[in-house]
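Treat the numbers as computed from the prediction; the structure is a model and nothing was measured. Throughout, a chain's letter reflects where its sequence line sits, starting with A, and its residues are numbered from 1.
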Amino acid sequence: MPELPEVETTRRHIAPVLEGARISAVELGRDRMARRNMRPQDIPERLLGRRVGRVGRRGKFLLIEVEGDLTWVIHLGMSGRMRITSPSDPLDPHTQLVVTTDRGDQVRLIDPRTFGFVAVFTPEELEHDSLAALGPDALEELPDAATLGARLAGRRAPIKALLLDQRILAGLGNIYADEVLFRARVRPTRPGGDLTPEELADLVAAIPEVLLAGVEMGGTSLDDLAYLLPDGRAGEYLDRLMVYGRAGEPCLVCGTPIERVVVAQRSSHFCPTCQR
DNA sequence: AACGATCCCTGTTGGC
DNA sequence: TGCCAACAGGGATCGT
């Protein structure tokens, strides 16, 4: 699933293709992909003929500056991936957005489950979107342990649920949240407000360690149909996963079988010996 | 306000 | 072997 490392890897691939280019054609697949109060026709109408600025990212959102003070937002949802192609390449099934540049490149969004979305916001619209409530980026704007502790103080929800809350910290999804908690030796079920200062410090240290390794490996491709890099390659962080998807298998540190529980309606994996 | 449950969607998986 | 229900999950929304 695309989480921060997958979105960052995607960003790094598409940035040189889009930045400075002018958009010469826009094709939207399903209308459903235009959400967040966008009409489907707004997407091509607002992008067409405009020059692209910086390709940025906050959490799992791609935020692309577009001439005319617009922000082109792309979210990959759970099954979205992007491809860089030439216009003559055949369309993949479930292609939801095709953007052609004046340099003759195409950037495509492929998303079978359509949990992803596309929007092109004016500054006013951006301000009123839930994007405005997004917390600090888990890599670029990571708070220190004391600041995170203050955000978690008094909270009784499981720390796993709070790590998935993008208003607290933007970028962690189900896979990397489990991996971060393993590295910090904290069980996903622990109430967020109960973490000790030492555990908060371990957590804040674990976040960039896990996420940077994920970025370096090009993200996590769970199987051949899931996330792929924009050049079609698979991300290789799958080989580094310590707990996610390993229920019943021995912990790679201590050998205890990894357990699976449901937290915040999501599967959560942890080592009952290593994590307290 | 905080928290948990539900919904959206479709390819894959597992049980019978 | 073949069918079909269950499962996967990011984010919005709703009920308590």
Problem set entry | Rounded distance (Å) that lies between atom P of B:dT10 and atom CD of A:Gln96 | 9 Å
For this session: Specify whether A:Phe117 and A:His75 have parallel, tilted or perpendicular ring planes, treating 30° as the upper limit for parallel and 60° as the lower limit for perpendicular.
Result: parallel
Problem set entry | Whole-Å distance separating the CG atom of A:Asp165 from the C1' atom of C:dA12 | 12 Å
Exercise. Taking atom P of B:dC8 as reference, at what distance in whole Å does atom CZ of A:Arg30 sit?
Worked result: 14 Å
List the atom pairs, with distances to 0.1 Å, where a side-chain N or O of residues 140-147 of chain A and a protein N or O form a donor-acceptor pair under 3.5 Å, not counting sequence neighbours.
unit_1, atom_1, unit_2, atom_2, d
A:Glu141, OE1, A:Asp137, N, 2.6
A:Asp144, OD1, A:Ala146, N, 3.3
A:Asp144, OD1, A:Thr147, N, 2.8
A:Asp144, OD1, A:Thr147, OG1, 2.6

Exercise. How close or far is atom C1' of B:dG4 from atom NZ of A:Lys160, stated in whole angstroms?
Worked result: 15 Å
Exercise. Does the side chain of A:Ser24 pick up a donor-acceptor pair with the side chain of A:Asp102 at under 3.5 Å?
Worked result: no
Seminar exercise, completed: With B for base contact, S for sugar-phosphate-only contact and - for none (protein heavy atoms under 4.0 Å), nucleotides 4-11 of chain C reads ----BBBB
Seminar exercise, completed: Minimal heavy-atom distance between A:Met82 and A:Ile74, with the atoms involved, is CE-CD1, 3.9 Å
Exercise. Can you check the A:Arg156 CZ to C:dT16 P distance for me, whole Å?
Worked result: 24 Å
Exercise. Can a side chain N or O of A:His94 be found less than 4.0 Å away from OP1 or OP2 on B:dG11?
Worked result: yes
Exercise. Is the side chain of A:Arg58 donor-acceptor paired with the backbone N or O of A:Leu62 at a distance under 3.5 Å, no angle test?
Worked result: no
Problem set entry | Touch class at under 4.0 angstrom, heavy-atom based, for A:Pro158 against every strand present | sugar-phosphate
Exercise. Whole Å only: how far is the CZ atom of A:Arg190 from the P atom of B:dC3?
Worked result: 15 Å
For this session: Would you kindly say whether A:Arg108 and A:Thr95 are connected by a side-chain donor-acceptor distance under 3.5 Å?
Result: no
